[in-house]
Amino acid sequence: MSGPRLNPHQAEAVNHIDGPLLIFAGAGSGKTRVITHRIQYMLSKGIASSCIVAVSFTNKSAREMKHRLQKMVGSKALRGMVLSTFHALGNRILQKEIRILGYRDPFSILDSDDGLQLYASIYRDLKLDPDQVKEDSMPFMVSLCKNSNMHHEDWANSRSLPVSANFFCDVFERYHASLKSLNAVDFDDLILLPSRIFKEHPEVLEKYRRRFRYFMIDEFQDTNPTQYELLLSLVGDEKNLCVVGDDDQSIYGWRGADVGIIQNFQTDFPQAKIVRLEHNYRSSSRILSAANAVIANNSKRVQKILRATGEEGEQLSLIMAEDEEQEAMVVADIIQNRIIHAAQNPGDFAILYRTNFQSRAFEQELRKLQIPHHVVGGYKFFDRKEVKDLLAYLRVIANRSDEISLLRILNRPRRGIGEGSVQKIGAFLQNMAEEADASGMRRPDFFHALERIGSTPGLIQGIPAKQVSAIYEFVEFIEKYKKEFSRARKLAPVLSTMIQELNWEHEFMREGSDENAVRARMLNLSELTNMLAFFESNWEDSTPPGLFDFLARISLQASDEDDDNPRGRVQLLTLHLSKGLEFPTVFLTGMMEGIFPGERSISESENPEAALEEERRLCYVGITRAMKKLFLTASRTRRRFGETEEKEPSRFLDEIPEELLDREDHSVSQMAERKKDEMEEWLTDLRNNLKVSI
DNA sequence: TGCCACGCTGTTTTT
DNA sequence: CAGCGTGGCA
Ligand SMILES: Nc1ncnc2c1ncn2[C@@H]1O[C@H](COP(=O)(O)OP(=O)(O)OP(=O)(O)O)[C@@H](O)[C@H]1O
């Protein structure tokens with residue numbers, strides 16, 4: 001077979017397609033290459049693409065895998081293959097099968113913000129302060145629980161929680177009842193519910209087992225027990241399961257990933273073939289030595305060999321700056337220099353950091369020097385209010401039981417249905433619900449109440465005729481666009497008309513934004529329309545996409561238009577998102593205690609030792625992204641909430657052997673030091689001279 | 001209903 | 001510090 005080489009161990013793994021297979025190896029040893037070649041090999045053996053499932057953990061790495069494969073076999077050969085994240089796979093199954101659990105068809109996927117709202121309303125029902133939700137870290141715990149594949153009562157009783165086990169279970173149950181009544185699921189349900197369906201309805205599972213025959217999981221060290229359960233049920237007795245991973249790169253323990261799953265794979269599958277890859281093909285030997293030295297400080301590791309194959313390469317550079325702004329300036333300068341003088345492309349650089357907000361300074365400086373760049377993930381487009389509002393419209397149109405979205409848009413743009421009216425409608429709904437319960441009918445939801453009130457003027461006193469007609473018009477509006485969207489051949493033009501009809505522009509002006517802001521916000525709305533158009537034109541399925549498909553795509557954060565030309569831009573991303581990727585030149589930034597390792601990840605962990613080791617693995621991941629050149633940068637101070645804080649250099653820097661490092665200090669205090677040194681030198685010279693002359 | 005001013009809050013990491 | 005939301009006032 002043509003294409004790039006494989007070493008004998010890789011080839012062995014590629015050719016082993018039946019039965020369980022574990023590829024256990026360090027960073028940059030060609031694990032992902034095995035997966036892509038294995039798929040290529042399977043296709044060449046006549047295995048249908050629709051039988052193959054290749055799963056990864058982040059959208060970025062799933063996309064990367066897809067790109068590599070497209071280059072090898074072309075897009076056409078990949079048709080029907082599942083090449084996605086676990087969550088996207090779960091969503092795909094749920095989309096077809098969720099009815100069996102008593103949900104209605106287009107369900108909503110709640111994002112974490114909506115989830116918070118839901119908890120808040122539960123707390124209000126319990127006569128508790130809704131602000132307490134976050135303090136109790138309820139969403140986080142519930143998620144952790146759902147990722148553990150344990151019954152929630154057992155889970156709650158098996159650990160110490162910030163709240164009592166009873167209270168946790170109460171909220172847990174109410175939360176899920178609410179979700180169900182909204183006809184909505186949360187992220188974890190995308191994994192959990194398919195698993196439940198398979199357990200309760202073997203005939204459905206059978207269908208999927210016949211369809212999916214070969215499984216490959218990249219970054220398997222980050223699997224959580226619930227995902228593993230889903231995987232095990234799908235894999236069935238054929239056990240054509242290939243998992244690939246590296247315990248040293250397990251960085252999602254905090255959200256329930258269990259590295260024990262990969263460590264015990266051999267126990268679960270005694271007949272598994274094990275392949276170890278011991279050559280690193282990615283990084284220069286200096287970079288690899290640094291990585292190995294850092295990770296050697298961890299205690300809980302599985303023995304593993306990783307030898308360099310590349311050149312010794314440049315020294316690593318350690319750069320100290322005064323503050324984050326200067327840190328960013330130095331980085332941007334270096335990039336500019338290397339683009340101009342070393343003929344490197346912007347896309348050859350990655351700037352990695354621990355937390356999203358750190359991207360800000362770098363964005364600013366790169367913009368100043370007009371260096372094309374792209375921030376991966378982070379808070380952005382979909383968090384904007386106007387975008388959320390518009391999406392809420394689409395959600396209600398797709399799933400009118402989505403009360404959270406409904407309440408969001410009921411009075412946006414303003415139609416005179418304020419808080420007071422909502423209360424009254426709520427009370428009315430309560431009555432309707434009791435009647436329905438008494439007569440054994442389906443429980444009405446908020447939208448039903450609106451329909452009733454809107455079509456029967458005078459039904460409730462206290463809601464004046466003007467508001468009744470506003471409610472009527474709102475209901476009509478939703479129904480009209482529901483029809484339009486389901487009838488239209490293309491969705492994007494409908495959305496465009498809808499935006500116009502809602503007259504957002506007027507609303508934005510009323511909200512007091514100046515002309516530029518209004519234009520920017522309108523632009524965001526049309527950007528969403530563009531995304532929808534793009535989404536439609538890239539749709540590969542035979543049945544055309546519906547609103548639901550678009551919404552699901554957005555919820556999964558998997559929109560793929562943001563990587564339109566990643567090659568031409570400097571990539572800014574968190575260390576977590578960098579896993580599985582590689583770049584010729586990498587900047588590991590913010591290397592200060594408190595930032596990295598992150599203060600809270602350790603202080604808020606129930607096992608600080610383990611948390612620190614996870615941070616260190618994150619550092620190992622960061623270092624091993626670099627192929628040719630690694631810069632480590634830090635600053636002496638950092639502004640936080642307007643205050644300047646002093647920061648110590650990260651302990652991870654001390655773990656890198658000194659002889660691999662070139663140090664460069666740009667900080668003011670260092671400059672001052674140097675000046676002082678020079679002054680003293682000058683003084684002693686002067687004294688000596690004086691002595692001589694005397 | 002509309003405008004401004006004050007004051008509060010925010011920084012893990014992802015799907 | 002900055003961005004947002006609330007609330008007071010006209
Ligand atoms: N046999 C080989 N010969 C030469 N280069 C190889 C070989 N196998 C892989 N590579 C190259 O090495 C680099 C790392 O490979 P790959 O991304 O598959 O590693 P990985 O083990 O998945 O890394 P990570 O654990 O960091 O995700 C890639 O640039 C790949 O093209």
Side-chain angles (χ1 to χ4, degrees), chain A residues 55-63 84-91 94 109-115 131 134 137 139-140 143-144 146-147 185-192 219 222-224 226-227 249-257 323-325 352-361 364 376-379 382-385 414-416 418-419 506-507 509-514 517 552-559 573-580 590 592 594-605 611 614-615 617-619 621-622 638-645 647:
Chain A
V55 170
S56 191
F57 284 83
T58 63
N59 293 301
K60 183 95 182 154
S61 63
R63 241 181 275 145
S84 70
T85 62
F86 248 115
H87 292 267
L89 172 62
N91 176 55
L94 274 193
I109 303 172
L110 239 60
D111 66 28
S112 14
D113 252 16
D114 296 339
D131 291 340
K134 264 188 255 131
S137 40
F140 184 71
S143 174
L144 213 53
K146 291 171 82 167
N147 285 327
V185 305
D186 66 13
F187 278 122
D188 305 312
D189 286 333
L190 295 175
I191 313 291
L192 202 56
E219 315 285 5
D222 287 320
T223 312
N224 68 47
T226 306
Q227 290 164 333
Q249 293 186 69
S250 138
I251 55 177
Y252 285 102
W254 55 272
R255 66 163 198 200
D323 52 27
E324 69 265 44
E325 197 184 326
L352 309 183
Y353 36 80
R354 178 65 235 268
T355 57
N356 281 302
F357 72 92
Q358 290 173 265
S359 70
R360 236 176 119 160
Q364 230 161 53
V376 184
Y379 321 101
F382 295 109
D383 292 329
R384 303 185 154 276
K385 204 171 117 205
R414 290 197 198 180
R415 28 176 94 80
E419 191 53 35
H506 182 247
E507 177 72 7
M509 285 191 308
R510 196 164 42 184
E511 276 172 15
S513 340
D514 62 67
R553 177 71 143 258
I554 288 171
S555 297
L556 295 167
Q557 317 257 309
S559 63
L573 63 168
T574 60
L575 286 157
H576 282 90
L577 285 181
S578 75
K579 190 160 53 102
M592 293 93 79
I595 307 274
F596 187 39
E599 134 131 87
R600 310 181 62 173
S601 49
I602 293 168
S603 65
E604 275 168 32
S605 164
E614 183 152 307
E615 294 285 296
R617 289 192 291 270
L618 201 50
C619 186
V621 168
R638 213 194 137 86
R639 285 188 80 71
R640 191 181 169 227
F641 305 149
E643 259 140 74
T644 302
E645 290 180 342
K647 289 282 172 217

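Side chains included, hydrogens not; waters and symmetry mates left out as well; all remaining heavy atoms used. Sequence lines set the chain letters: A, B, ... in the order given, protein chains first and strands last, and positions in each chain run from 1.
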Item to complete: Drop me the distance from I595(A)'s CD1 to Q358(A)'s CD, to the nearest 0.5 angstrom.
Response: 5.5 Å
Worksheet, complete the sentence: Separation of dT11(B) atom C1' from E645(A) atom CD, nearest Å, is 11 Å
Worksheet item: Got a salt bridge between E645(A) and R640(A), using NZ or NE/NH1/NH2 to carboxylate O under 4.0 Å?
Response: yes
Discussion item. Closest approach to the side chain of T85(A), judged atom by atom: which nucleotide of dC1(C), dT15(B), dT13(B) is it?
Written reply: dT15(B)
Practice prompt. Specify the separation, in whole Å, of atom CD of E219(A) and atom P of dT15(B).
Written response: 13 Å
Item to complete: Starting from C1' on dT15(B), measure out to CZ on R255(A) and report it in whole angstrom.
Response: 6 Å
Fill in: Residue R360(A), side-chain heavy atoms: nucleotide from dT14(B), dT11(B), dA2(C) that is nearest
dA2(C)
Item to complete: Looking only at side-chain atoms of F357(A), point me to the closest of dT15(B), dG10(B), dT11(B).
Response: dT11(B)
Worksheet item: How is L575(A) classified with respect to the nucleic acid when contacts are heavy atoms under 4.0 Å: base, sugar-phosphate, or nothing?
Response: nothing
Worksheet entry | R255(A)/D222(A) salt bridge by N-O under 4.0 Å criterion | no
Item to complete: For dT14(B), take OP1 and OP2 only and decide whether either is under 4.0 Å from a side-chain N or O of N356(A).
Response: yes
Worksheet item: Separation of E614(A) atom CD from dT13(B) atom C1', in whole Å?
Response: 9 Å
Practice prompt. Please determine if K579(A) and E219(A) form a salt bridge, counting it only when a charged side-chain N lies under 4.0 Å from a carboxylate O.
Written response: yes
Discussion item. If stacking means aromatic ring centre less than 5.5 angstrom from the base's six-membered ring centre, planes under 30°, is W254(A) stacked on dT13(B)?
Written reply: yes
Item to complete: For the side chain of H87(A), starting at C-beta, report the closest nucleotide among dA2(C), dT13(B), dT15(B).
Response: dT15(B)
Practice prompt. Could you work out the separation of dG3(C) and dT13(B) based on their C1' atoms and round it to a whole Å?
Written response: 24 Å
Discussion item. I'd like to know if E615(A) and R617(A) make a salt bridge, using a cut-off of under 4.0 Å between side-chain N and carboxylate O.
Written reply: no
Worksheet item: Any side-chain N or O of T574(A) under 4.0 Å from OP1/OP2 of dT14(B)?
Response: yes
Worksheet item: Expressed in angstrom and rounded to an integer, what is the separation of Y252(A) atom OH from dT13(B) atom P?
Response: 11 Å
Response to the item:
Nearest heavy-atom approach of Y353(A) to S359(A) is OH-CB, 3.3 Å
Worksheet entry | Nearest-neighbour nucleotide for the L556(A) side chain, dG10(B), dT13(B), dT15(B) considered | dT15(B)
Worksheet item: Roughly how many Å is it from CD in E599(A) to C1' in dT13(B), rounded to a whole number?
Response: 15 Å
Worksheet item: How long is the line joining OH of Y353(A) and C1' of dT14(B), in whole Å?
Response: 14 Å
Worksheet item: Among dT13(B), dT15(B), dT11(B), which is the nearest nucleotide to the side chain of R640(A)?
Response: dT11(B)
Worksheet item: Base, sugar-phosphate alone, or nothing: which one does E604(A) contact when heavy atoms must sit under 4.0 Å apart?
Response: base
Practice prompt. Round to a whole Å and report the spacing from NZ of K579(A) to C1' of dT15(B).
Written response: 13 Å
Worksheet item: Among dG5(C), dT14(B), dT11(B), which is the nearest nucleotide to the side chain of K385(A)?
Response: dG5(C)
Discussion item. Applying a 4.0 Å non-hydrogen cut-off, can you work out what S601(A) is touching in the nucleic acid: base, sugar-phosphate, or nothing?
Written reply: base
Practice prompt. Looking only at side-chain atoms of K134(A), point me to the closest of dT13(B), dT14(B), dG10(B).
Written response: dG10(B)
Worksheet item: Using a cut-off of 4.0 Å on non-hydrogen atoms, how would the nucleic acid contact of F86(A) be classed: base, sugar-phosphate, or nothing?
Response: nothing
Worksheet entry | Minimum-distance nucleotide to H576(A) side chain [options: dT14(B), dT15(B), dT11(B)] | dT14(B)
